[in-house]
There are 2 protein chains.
Amino acid sequence: MNDKLLRDLLLGFVKVHILHHADKEPIFGQEFHEELKRHGYDLSFGTLYPIFHKLEADGYLKSKKENINGKIRRYYSITATGKKLLNKAKEQAKELVEELFED
Amino acid sequence: MNDKLLRDLLLGFVKVHILHHADKEPIFGQEFHEELKRHGYDLSFGTLYPIFHKLEADGYLKSKKENINGKIRRYYSITATGKKLLNKAKEQAKELVEELFED
DNA sequence: TTGATAATATCGCTGAACGATATTATATTT
DNA sequence: AAATATAATATCGTTCAGCGATATTATCAA
C-alpha cells in the first residue's frame, strides 16, 4: 500500500520529537536515527541533518561539538524558545488526535 | 514566534482529517476550508484542492459533482482503501502523541 | 448583458525531502 | 608511516509539495 500519507504524518511529528528528546538530554544525529529505526521509522540523513540545522538556525536547539574517540559528535539540546514551542506543539498534536477519536 | 513547525504538524494531519470527515459524510472543499478556519487553521485553496485531487488519484477518496444553485460542488467520500489507510493513520498518530506525553 | 457570487482548478515560485556522495578525525592494520 | 576502516556530520542535485495569485465555471440578480 502507498503510505505517503503516513510518511507525511511522521514528518510532521519528527521535529516535535527531536525537541522532546533534546529536552530530556543532549542528543545527536546517529543516535536519534537509531531511535527512529527502532520504532520502525526510516528517515535518511539527508532529511534528518538539515532538520537539526534548521531547528538550530531558528533558535530552538543549540549544539556543541564533542570529540568521542576521534569521531566528532554534535550534541543538541533544547533552548528556552524551543521549550515554549515544544509545549505549543504538544498541545496542538494532542488536540488534533483527540478530534480524530471523539464521537 | 516562528511556527513553521506547528504548520508542518498541521499539514501532516490535514489529509488524515479529510479522510476522517469524508468517512462520516460527503464533504467539499469550501466547507472543509471553513471547518479548518473555525479551528484556527488557515490553509489556502492552492494547498487544499491539490490534496483532495491527490487523495482521489491515489484511490482514497471518490468524488461526484453536484450543481447547487448553479454552483458546482465536488463532494468527496471515502473509499474502502481510504478507510484502511485512515485506521492505520489514526493508530500511528495516537502512538506518536502518546510518546510525547509519557514519563 | 453586465456584474456578483460560490465554488473549483491550476500556474509559477520557493523550499523541503531524500538518496548519494563528500568530508572529518581518529584508531587499527599492514 | 601509509593505507584502511570506522563513526559521524555535511551537503549536492533532483523531484515534488505548499501556497498566493489568478483563471475558470455556472448560475442568479441588477
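Computed from a predicted structure; not experimentally measured.
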**Message:** Check the phosphate of C:dT8 against B:R74, side-chain N and O only, distance under 4.0 Å to OP1 or OP2. Yes or no?
**Reply:** no
**Asked** How many Å lie between CD on B:E56 and P on C:dT10, as a whole number?
**Response** 12 Å
**Message:** Nearest to the side chain of A:K71, heavy atoms from C-beta on, is which of D:dT6, C:dA16, D:dT11?
**Reply:** D:dT6
**Prompt:** When the distance from CZ of B:R73 to P of C:dA6 is rounded to whole Å, what number comes out?
**Reply:** 11 Å
**Request:** Check the distance between D:dA8's P and A:K37's NZ and give it to me in whole angstrom.
**Result:** 13 Å
**Asked** So, is B:N67 near the phosphate of D:dT27, with a side-chain N or O under 4.0 Å from OP1 or OP2?
**Response** yes
**Asked** So, is B:K15 near the phosphate of D:dG18, with a side-chain N or O under 4.0 Å from OP1 or OP2?
**Response** yes
**Asked** Nearest nucleotide by nearest heavy atom, which residue falls closer to the 5' end of DNA chain D, A:Q30 or A:D8?
**Response** A:Q30
**Message:** Let's go through A:I72 and A:E66 carefully: what are the C-alpha distance in whole Å and the side-chain angles of both, what is the deciding distance for side-chain contact (heavy atoms from CB on, under 4.5 Å) to 0.1 Å, and is it a yes or a no?
**Reply:** CA-CA 6 Å; A:I72 306 165; A:E66 274 183 49; over 6 Å; no
**Asked** Between atom CZ in B:F52 and atom P in C:dA9, what is the gap in whole Å?
**Response** 10 Å
**Request:** Check whether B:I27 and B:Y75 end up in the same hydrophobic cluster, where Ile, Leu, Val, Met, Phe, Trp and Tyr are linked by side-chain heavy atoms less than 4.5 Å apart.
**Result:** no
**Item:** Rounded distance (Å) that lies between atom C1' of D:dA17 and atom CG of B:L48
**Value:** 14 Å
**Request:** Give a yes or no on whether a salt bridge exists between B:E35 and B:K37, defined as a side-chain N under 4.0 angstrom from a carboxylate O.
**Result:** no
**Item:** Separation of atom CG in A:L11 from atom C1' in D:dT15, rounded to whole Å
**Value:** 15 Å
**Asked** Counting side-chain heavy atoms from CB outward, which of C:dT8, D:dC19, C:dA25 is closest to A:I72?
**Response** C:dA25
**Item:** For atom CG of A:L55 and atom C1' of C:dA17, their distance in whole Å
**Value:** 15 Å
**Asked** Counting side-chain heavy atoms from CB outward, which of C:dA16, D:dA8, C:dT10 is closest to B:H53?
**Response** C:dT10
**Request:** Between A:Y49 and B:N69, name the one whose nearest nucleotide on DNA chain D is closer to the 5' end.
**Result:** A:Y49
**Prompt:** For B:I68, which contact category applies under a 4.0 Å heavy-atom criterion: base, sugar-phosphate, or nothing?
**Reply:** nothing
**Message:** Looking at B:K65, I'd like to know whether one of its side-chain N or O atoms comes within less than 4.0 Å of OP1 or OP2 on C:dA9.
**Reply:** no
**Request:** Would you sort out whether A:Q30 and A:R73 count as a side-chain contact (heavy atoms from CB on, under 4.5 Å), showing the intermediate values?
**Result:** CA-CA 9 Å; A:Q30 292 283 346; A:R73 278 187 201 168; over 6 Å; no
**Message:** Between A:D8 and A:K4, does any NZ, NE, NH1 or NH2 come within less than 4.0 Å of an OD or OE carboxylate oxygen?
**Reply:** yes
**Asked** Distance check: side-chain N/O of B:T47 vs OP1/OP2 of D:dC19, anything under 4.0 Å?
**Response** yes
**Asked** Separation of A:E31 atom CD from D:dA7 atom P, in whole Å?
**Response** 15 Å
**Prompt:** Which is true for B:F28 with a 4.0 Å heavy-atom rule: it touches a base, it touches only sugar-phosphate, or it touches nothing?
**Reply:** sugar-phosphate
